[in-house]
Amino acid sequence: MVKESQKHASRAWEKRNPERTSYLALRRATFNFVHPKPGTKAERAIQANWDDYIDDLDTLNHLLEQQKTMYFNGKK
């Protein structure tokens with residue numbers, strides 16, 4: 001169990017670091033979409049929408065490759 005003092009410290013850090021907190025939340029959501037944990041609501045939703053999921057992964061892969069190309073070509 002997490003102590004109240006630890007919760008308070010975490011919330012204080014999040015307040016002092018809003019951009020990092022937002023980035024970490026986005027990253028966590030992305031990883032959970034790409035690789036959901038077994039038995040989770042996310043995994044069940046993906047299994048129920050498998051064809052869309054595969055299409056979305058293909059689209060994400062394409063977008064990631066575009067971003068890397070732009071970054072390495074100095075456009076970012």
Original post:
When rounded to the nearest 0.5 angstrom, what is the spacing between OG1 in Thr40 and CD1 in Ile46?
Top reply: 7.0 Å

**OP:** Kindly compute the distance separating CD (Gln67) from CZ (Phe72), expressed to the nearest 0.5 Å.
**Re:** 11.5 Å

Subject >> Separation of Gln66 CD from Asn61 CG (nearest 0.5 Å) >> reply: 10.5 Å

Subject >> From NZ (Lys15) to CG (Asn17), nearest 0.5 Å >> reply: 13.0 Å

Original post:
Measuring from Lys41:NZ to Glu43:CD, what's the distance to the nearest 0.5 Å?
Top reply: 14.0 Å

Which donor-acceptor pairs under 3.5 Å do side chains of residues 24-39 form with protein atoms, sequence neighbours excluded?
| unit_1 | atom_1 | unit_2 | atom_2 | d |
| --- | --- | --- | --- | --- |
| Thr30 | OG1 | Leu26 | O | 2.9 |
| Asn32 | ND2 | Arg28 | O | 3.2 |

**OP:** Report the residues that fulfil salt bridge (Lys or Arg N to Asp or Glu O under 4.0 Å) with Arg44, sequence neighbours left out, ordered by chain and then residue number.
**Re:** none

Original post:
Under the 3.5 angstrom rule, does the side chain of Asn73 hit a backbone N or O of Thr69 as a donor-acceptor pair?
Top reply: yes

**OP:** Starting at CG of Leu63, measure out to CG of Asp58 and round the result to the nearest 0.5 Å.
**Re:** 11.0 Å

Subject >> Residue pair Glu14 / Ser10, side-chain donor-acceptor N/O under 3.5 Å >> reply: no

Subject >> Trp13 and Arg20, any side-chain heavy atoms less than 4.5 Å apart >> reply: yes

Original post:
Is Leu57 linked to Trp50 within one hydrophobic cluster, defined over Ile, Leu, Val, Met, Phe, Trp and Tyr using a side-chain heavy-atom separation of less than 4.5 Å?
Top reply: yes

